[in-house]
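Report on the following structure.
The first residue in the sequence is number 1, and the count goes up from there. Indexing begins at 1, ligand by ligand and atom by atom, following the structure's order.
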Amino acid sequence: MDKNNKRIALVTGATGGLGTAMCKKLFDEGYTVAGNYRNKAKADEWKAKLKAEGYDALLFEGDVSDFDSTGKMVEQIEKEAGTIDILVNNAGITKDSRLINMKKEDWYAVINTNLNSVFNCTKHVIQGMIDRNFGRIINISSVNGQRGQFGQTNYSAAKAGMHGFTKSLSMEVAKYGITVNTISPGYIATDMVMAVPEKVLNQIVAQVPMGRLGGTHEVAHLVCFLASDETSFITGANYSINGGQHVY
Ligand code: CAA
């Protein structure tokens, strides 16, 4: 724990729709929240907006698709806030197109940001968690990693890869009080989902038995559940949160 005896949570991709909701909910639950960002202008605006709402989240710059940049960011967080107890690997992008049209750059960008980032961040915090005999690693995957999605070979591959990582690491660190779990959201009302062409999105929502997009607060609630001390026997699991769109 940090100097104030509060657990510290690092949320990557903090300034996006899901990241923002997670930071707020973790803050409400009493965690010290360290948010990661890449875009300084967006981050400054985000920080001011949250501060006006009463949220005092710390923000740290870092490119989680880059191993060394992530290492520097973790070092800075540990110096300024304390050691990281909870890591939420949330940063992610889409570069949708059919494989036939997909540029090599769009494949690598999505794999680096959505999957290699999970290795980069976890690798830099895991030893500290082992030393303190406590840790929570929460990987934000997607329904499209579970079932595939037309136009998302890159994204679906990265998101499915996250769960393989979760399952393997959960076995390696279970004896150190560290849990590793995946959350697989369906279509949530974020800018990323709203960028899907309206006609396609309407078709997708029609496949959701609840008949609506999910709310970011619904995913944030699940993050807080898995971050808590009480969920110490849940590890290697994949939590679907998709309104019934994909059940198995
Ligand atoms: N299944 C089968 N065929 C499909 C299809 C589908 N779902 N969607 C399109 N097609 C067919 C079309 O009918 C068309 O066929 P014809 O050539 O015979 O007419 C062909 O594929 C080409 O369709 P488009 O012209 O639409 O193809 P495109 O290459 O211009 O666009 C696309 C493809 C960019 C993938 C577009 O369909 C799209 O944006 N789809 C949405 C992808 C999506 O759901 N992304 C999720 C983003 S949010 C997110 O990822 C968060 C999360 O975790 C859930």
Side-chain angles (χ1 to χ4, degrees), residues 11-23 25 36-39 42 64-65 88-118 121 137-167 181-223 226 237-248:
V11 178
T12 68
T15 60
L18 279 177
T20 303
M22 288 170 196
C23 289
K25 179 85 176 144
N36 146 263
Y37 71 91
R38 270 193 79 179
N39 179 330
K42 191 175 173 192
V64 292
S65 70
V88 187
N89 282 310
N90 167 66
I93 57 169
T94 52
K95 300 263 180 201
D96 294 351
S97 72
R98 287 177 289 160
L99 183 75
I100 201 153
N101 296 329
M102 190 175 287
K103 296 194 211 85
K104 188 176 89 180
E105 294 73 25
D106 292 345
W107 172 266
Y108 282 105
V110 170
I111 298 295
N112 286 335
T113 303
N114 297 14
L115 181 60
N116 290 337
S117 61
V118 176
C121 293
I137 296 169
I138 303 165
N139 296 320
I140 308 302
S141 180
S142 166
V143 65
N144 294 343
Q146 296 172 295
R147 58 158 211 162
Q149 168 62 38
F150 187 100
Q152 287 200 308
T153 49
N154 49 5
Y155 187 86
S156 299
K159 294 298 188 181
M162 285 169 106
H163 193 50
F165 179 95
T166 292
K167 289 193 276 190
N181 291 292
T182 304
I183 293 176
S184 293
Y187 282 71
I188 311 296
T190 60
D191 289 348
M192 180 188 273
V193 166
M194 297 327 274
V196 173
E198 199 183 342
K199 198 172 139 225
V200 179
L201 190 57
N202 288 341
Q203 283 164 1
I204 290 168
V205 173
Q207 298 161 9
V208 180
M210 286 198 185
R212 65 170 175 90
L213 297 174
T216 54
H217 63 288
E218 293 173 307
V219 180
H221 180 72
L222 185 49
V223 168
L226 290 173
N238 184 13
Y239 279 74
S240 294
I241 175 164
N242 60 37
Q245 184 184 4
H246 178 68
V247 289
Y248 63 99

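Screening N89, N90, V88 for a side chain to side chain contact (heavy atoms under 4.5 Å, CB included) with C121, the sole residue that qualifies is N89. With respect to M22, the side chain to side chain contact (heavy atoms under 4.5 Å, CB included) criterion is satisfied by exactly one of L222, I138, V219: V219.
Without hydrogens or angle criteria, N181 side chain to A237 main chain gives a donor-acceptor distance under 3.5 Å. At distances below 3.5 Å, at least one donor-acceptor pair connects side-chain atoms of N114 with backbone N or O atoms of I93.
Using a 4.0 Å heavy-atom criterion, the residues that approach ligand 1 are T94, D96, R98, N101, S142, N144, Q149, F150, G151, Q152, Y155, G186, Y187, M192, V193, V196, P197, V200, I204.
Taking the side chain as every heavy atom from C-beta outward, H221 and K25 approach each other to under 4.5 Å. Between V208 and Y187 the shortest side-chain heavy-atom distance does not fall below 4.5 Å.
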